Amino acid sequence: MSRPQHVYVTYIAAAPEQVWQALTSAEFTRQYFHRTSVESDFRKGSPVVFRNPDGSVAIEGEVLTADEPHCLAFTWQVRYDPELESEHPSRVCFEIDHAEGVTRLTVIHDEFEEGSKVYERIREGWAPILCSLKSLLETGHPLPTAGNQAG
Amino acid sequence: MLCNREVAYYVPVEEVFKALADGSRRTLLDRLFAADGQTLTELSGGLDMSRQAVAKHLGILERANLVVTLWRGREKLHYLNPVPIREVQDRWISKYAHSRLDALAELRSRLEDNS
């Protein structure tokens with residue numbers, strides 16, 4: 001495949017600033033992102049870490065773009081699975097647009113290496129996470145099963 | 001525990017079902033599932049559908065948010081967006097799974113309390 005990437009779009013009844021906060025603060029990621037806490041000052045070049053409740057690192061990367069609240073991008077290095085750790089980092093980009101009273105969140109996960117296992121394994125990963133994020137921002141509750149399994 | 005937590009539907013859920021109701025559109029989604037990021041030309045190849053018909057179906061899928069398009073240079077690439085399908089799943093199927101799990105957990109704790 002010449003251009004493997006995952007693209008997801010969800011519409012959220014919340015302000016772009018709230019979506020940005022949900023993406024960049026541990027208080028939120030803990031609730032919808034496999035119980036990990038995100039750590040970063042979200043400046044270009046800064047490290048990003050998604051930390052498991054036991055303190056181990058699930059994902060880490062480096063901030064590429066941080067244009068609050070419109071666009072956030074960082075590299076994506078898997079640490080939660082030794083089989084996937086050896087792959088080159090991929091890249092995740094969050095685009096936050098606002099139109100007609102609703103915020104559209106587009107997630108593009110790309111730059112996978114040739115034959116990437118991460119690409120196949122996370123295929124089903126983002127949709128439940130984004131649905132849970134949406135539910136959290138709109139109703140105050142994440143989704144019970146989505147994005148909250150350990151590991 | 002399962003109360004009415006209504007999330008906002010920007011695209012009415014009927015549009016998602018209507019988009020999925022057509023066999024040709026499901027075929028297009030199957031193709032994107034197998035190989036994501038295809039152009040209109042690539043998607044039209046080997047199908048018993050005219051290019052215009054494929055374009056029309058892709059338009060319906062795009063309006064239902066089941067397909068997302070990105071430009072790469074002069075190419076327009078189509079991507080399968082599974083989020084609306086997941087929203088349907090979370091609305092109904094996960095609820096039933098929860099009810100069963102809650103009932104089993106309750107039964108277990110009653111049995112343990114009694115022993």
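What you see below is based on every heavy atom in this structure, not just the backbone, and it leaves out hydrogens, waters and symmetry mates. The shown structure was predicted, so the numbers you read here are calculated from the model rather than taken from an experiment.
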Next on the checklist: How close do A:V7 and B:P82 get, counting heavy atoms only, and between which atoms?
Outcome noted: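 Reported closest heavy-atom pair: O-CD, 4.4 Å.
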
In Å, rounded to the nearest 0.5 Å, how long is the span from [atom1] of [X] to [atom2] of [Y]?
{"X": "A:T106", "Y": "B:Y79", "atom1": "OG1", "atom2": "OH", "answer": "13.0 Å"}
{"X": "A:H6", "Y": "B:N81", "atom1": "NE2", "atom2": "CG", "answer": "12.0 Å"}
{"X": "A:T10", "Y": "B:R86", "atom1": "OG1", "atom2": "CZ", "answer": "12.5 Å"}

Item to check | Residue part contacting chain B, namely of A:L137, when any heavy atom lies under 4.5 Å | outcome: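 Neither part.
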
Side-chain heavy atoms under 4.5 angstrom apart, residues restricted to Ile, Leu, Val, Met, Phe, Trp, Tyr: same cluster for [X] and [Y]?
{"X": "A:V57", "Y": "A:V48", "result": "no"}
{"X": "B:L40", "Y": "B:L29", "result": "yes"}
{"X": "A:V49", "Y": "A:I122", "result": "no"}
{"X": "A:W126", "Y": "A:L84", "result": "yes"}
{"X": "B:M49", "Y": "B:L58", "result": "yes"}

Checklist entry - Just wondering, more than 12 heavy atoms not from B:D48 lying within 6.0 Å of its CG? => result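 Check fails, neighbour count at 12 or below.
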
Next on the checklist: Can you confirm whether A:E113 is buried at CD, in the sense that more than 12 heavy atoms of other residues, nucleotides or ligands lie under 6.0 Å from that atom?
Outcome noted: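 For A:E113, atom CD is crowded (more than 12 foreign heavy atoms under 6.0 Å).
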
Item to check | For chain A, which residues of residues 60-71 of chain B have heavy atoms nearer than 4.5 angstrom | outcome: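 B:N65, B:V68, B:L70, listed by number.
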
Return a table of donor-acceptor pairs under 3.5 angstrom between the side chains of residues 20-28 of chain A and protein atoms on other chains or two or more places apart.
{"residue": "A:T24", "atom": "OG1", "partner": "A:W20", "partner atom": "O", "Å": "2.8"}
{"residue": "A:S25", "atom": "OG", "partner": "A:Q21", "partner atom": "O", "Å": "3.2"}

Checklist entry - Which residues in residues 91-104 of chain A have any heavy atom lying under 4.5 Å from a heavy atom of chain B? => result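 The stretch touches chain B at A:E100, A:V102.
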
Checklist entry - Who are the side-chain hydrogen bond (donor to acceptor under 3.5 Å, both in side chains) partners of B:R31, not counting sequence neighbours? => result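 Counting only residues at least two positions away or on another chain, B:R31 forms no side-chain hydrogen bond (donor to acceptor under 3.5 Å, both in side chains).
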
